[in-house]
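What follows is a set of notes on a single structure, which appears directly below.
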Protein chains: 2
Amino acid sequence: MYKAATIKDIARALDVSPSTVSRALRDSHEVGTETKQKVLEYARQINYHYNPAALSLRSRRSYSIGIMVADVANSFFSQTINGIESIAYERGYNVIITQSHDSYEREVINMEHLANRSVDGLLISMSAQTVDYAHVTRLHEQGLPIVFFDRILSDIDTFKVTTDNFRSAYNATEALIKKGYRNIAHLANAPQLSITTERLNGYKAALADNDIPFNENLLRHCYNGGRDEQEVEQAVNSILSAADKPDALFIASDRISTACIRALNQIKGADELAIIGFSNSDVVDLLSPRISYIRQRAFEMGQIAIEMLIKLIESKYPVYEFETKLLEAEVYWQK
Amino acid sequence: MYKAATIKDIARALDVSPSTVSRALRDSHEVGTETKQKVLEYARQINYHYNPAALSLRSRRSYSIGIMVADVANSFFSQTINGIESIAYERGYNVIITQSHDSYEREVINMEHLANRSVDGLLISMSAQTVDYAHVTRLHEQGLPIVFFDRILSDIDTFKVTTDNFRSAYNATEALIKKGYRNIAHLANAPQLSITTERLNGYKAALADNDIPFNENLLRHCYNGGRDEQEVEQAVNSILSAADKPDALFIASDRISTACIRALNQIKGADELAIIGFSNSDVVDLLSPRISYIRQRAFEMGQIAIEMLIKLIESKYPVYEFETKLLEAEVYWQK
DNA sequence: GTGAAAGCGCTAACAC
DNA sequence: GTGTTAGCGCTTTCAC
């Protein structure tokens, strides 16, 4: 098996001490220019790379960060991950991705796992099922740097970045109203998620500002975040067979959107229904029935999140000033 | 900042030596049962976890493996990753995912990166752009365990797992023929990919076995693997305006399928066209125009790949017997 | 400007 | 059955 070159190898070859080599490689000023050149040149030549395990052991840093998302298969999350990686690699961190699949147990186990793997920090989007935050709070209190993105936790004081969900929902709902729709139903996500409340509130506010009373019968929560297609199907069916049948539908997430569309394909006479939903899918424009969509700036969200995290990790002093950044989403009308 | 407990801490607290603690934790038989109990109990109590950096430094193993895919946003790959992780975590490995985005440069850089991060092994699905394998060969020759999945490299002798692309393409094509279609066009992937050739050969064989001459005019390669929508659009247009207009279309990949469908939405009179394509998307059944699809066993492929890799990594002796495993794919007819 | 030595957390000879 | 010691690759005092 191949054995990588070490600092000692370089030191021996160049007849200097390991410490000098180390200094030269770190570009320290307390090394002679000539020696530094020599070392750098030779290191390049033999394709030297530092040993991350040794570095970690000494520095008590792993140069890896953990990501916790519901699902990489979700377009929104995969775009966020792309954003995260684009910065992380550049800054010398690698990234360990774990998926909760929206299960509380998996979230706890995975976070435990990441902490034991001694990541330098955590980027978290909460699972839909989680109501008890003890596992997050514990790590946070132990001093592990954590940044929340997308599905954030208001109780924990740290950096956060998410979409301006209130405003996005407000805008989408109001646009539907301006187009003449009055009975606008809302398929909401699991109620414990931050994004659910924010989007629901935006929807309600737009109704109120346009003198449309909020109608409880036009609201359904999907407790499994659209994972359970039956649940969505039932919600769609019951909402469409209500006395005050909706003329428009506002859907709170990607997964629920597709499950809903699948359900609508089974239903006759839903053609006049105007549909708008959150979606970052790259095929949403090809779905039938047609659906207008709200697209979040996922890639950018990932970039901002990782930059916040690296700031936390590399800060020399404890940070007490935290920011919650909100990103605008864009609405795309179809049909 | 929180400081994790070490073996020394346990040793001091229990008034034994570090090596005894180490042995007890490893469940060695050369430790007294009583001592072992005591150590285990105390370790649990103070929530001891070994330090991965120290372990890596000593064992020259990182307990992490690298994955190289084109894109996590691709359903096929995200399902494969799920399969890989399901086994890897259980076996104490974590997983570093990198994406080539089908670019040769990114593939080289990422593999370099992974190797420097001293992963214990690599799981690779080749980028569509890659024609020069030197970077892979080099690592392979240095003794880094490598397993190929999906887009494999026949020149390198190691474990491989992929779909039985020949058979899948053959079956899909033959089924179209049995349904009465004769002018079956094929939108192929980048020609340097193993899967491209295998699928193309399956298509040709089915034609031949049914006495339909292969028609060069009905074949188009998408050199960018469907990433370049314009390229796909041009291919579709040119193929549909050919003298011998096709009555059916067989598409070689997920990405090309969706790009093709997007193109077809712009074209009048493509309604009678029967379409079948490789796809692991979970919304493929909702796309319009309707498309039949070939679904690969992605999750299982990931599981098999990681098991092969772990076998390689943990083998005490060099392995010379390699297997290439082929998985069946399933066809789903629509409309 | 450079070197020697110690130590990060862990394990494997080697003693006893 | 248990302890002592050395060393994995690296950096950082502390000397000189």
Side-chain angles (χ1 to χ4, degrees), chain A residues 1-40 42-43 46-64 92 115-120 314 316, chain B residues 1-40 42-43 46-64 92 115-120 314 316:
Chain A
M1 170 69 195
Y2 170 75
K3 180 142 173 352
T6 74
I7 280 190
K8 273 191 194 163
D9 296 332
I10 301 181
R12 214 173 303 124
L14 265 40
D15 201 33
V16 291
S17 80
S19 15
T20 304
V21 176
S22 171
R23 282 188 271 250
L25 291 171
R26 303 252 132 233
D27 200 26
S28 154
H29 7 248
E30 26 174 41
V31 192
T33 331
E34 206 178 325
T35 322
K36 194 186 283 183
Q37 284 307 324
K38 215 172 51 177
V39 170
L40 258 33
Y42 185 72
I46 65 167
N47 191 30
Y48 168 81
H49 290 284
Y50 62 83
N51 177 323
L55 223 58
S56 294
L57 183 56
R58 244 205 86 89
S59 64
R60 300 147 168 291
R61 299 260 319 267
S62 66
Y63 296 96
S64 66
N116 294 345
R117 287 279 168 178
S118 59
V119 292
D120 293 340
E314 300 189 346
K316 297 245 192 321
Chain B
M1 170 71 195
Y2 170 76
K3 179 144 174 352
T6 74
I7 279 190
K8 274 192 193 162
D9 297 330
I10 302 181
R12 213 173 304 126
L14 266 40
D15 202 34
V16 291
S17 81
S19 22
T20 304
V21 176
S22 171
R23 282 189 272 251
L25 291 171
R26 305 250 134 234
D27 200 28
S28 153
H29 10 248
E30 27 173 44
V31 192
T33 330
E34 207 178 323
T35 322
K36 193 186 282 184
Q37 284 307 324
K38 217 172 50 177
V39 170
L40 258 32
Y42 185 72
I46 65 168
N47 192 30
Y48 168 81
H49 288 285
Y50 63 83
N51 178 323
L55 223 58
S56 295
L57 182 57
R58 243 205 87 88
S59 64
R60 299 147 170 292
R61 300 259 320 265
S62 66
Y63 296 96
S64 66
N116 294 345
R117 286 280 167 176
S118 58
V119 292
D120 294 340
E314 300 189 346
K316 297 246 194 316

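Residue numbers start from 1 in every chain, and the chains themselves are labelled A, B, ... in the order their sequence lines are given, proteins ahead of strands. Remember, predicted model here, so these are calculated numbers, not experimental data.
Distance CD (E30(A)) to P (dA4(C)): 16 Å, rounded to an integer number of Å. Per the geometry, NE2 belonging to H29(A) stands 12 Å off P belonging to dT12(D), to the nearest Å. For the pair I10(A) CD1 and dC10(D) C1', the computed distance is 12 Å after rounding to whole Å.
Remark: T20(A) is not in phosphate contact with dT2(C), judged by side-chain N or O atoms under 4.0 Å from OP1 or OP2.
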inquiry  = If you apply the rule side-chain contact (heavy atoms from CB on, under 4.5 Å), what do you find for I7(A) with L25(A), and how did you get there?
reply    = CA-CA 9 Å; I7(A) 280 190; L25(A) 291 171; 4.0 Å; yes

Chi angles and distances behind the side-chain contact (heavy atoms from CB on, under 4.5 Å) call for T6(B), N51(B) = CA-CA 8 Å; T6(B) 74; N51(B) 178 323; over 6 Å; no

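In terms of the salt bridge (charged side-chain N to carboxylate O under 4.0 Å, His left out) criterion, residue partners of R61(B) (sequence neighbours excluded) are, by chain and number, D120(B).
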ask   = Reading nucleotides 8-13 of chain C from the 5' end, what letters show protein touch, with B for base, S for backbone sugar-phosphate only, - for no heavy atom under 4.0 Å?
value = BBBBBB

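In this structure, S118(B) OG and R60(B) CZ are separated by 11.0 Å, a value rounded to the nearest 0.5 Å.
Put simply, the side chain of S22(B) never gets that close to the backbone of P18(B): no donor and acceptor are under 3.5 Å apart.
Residue T35(B) is classed as a sugar-phosphate contact, given heavy-atom separations below 4.0 Å to backbone atoms only.
For residues 31-40 of chain B, the pairs satisfying side-chain hydrogen bond (donor to acceptor under 3.5 Å, both in side chains) are D27(B)-K36(B), with sequence neighbours left out.
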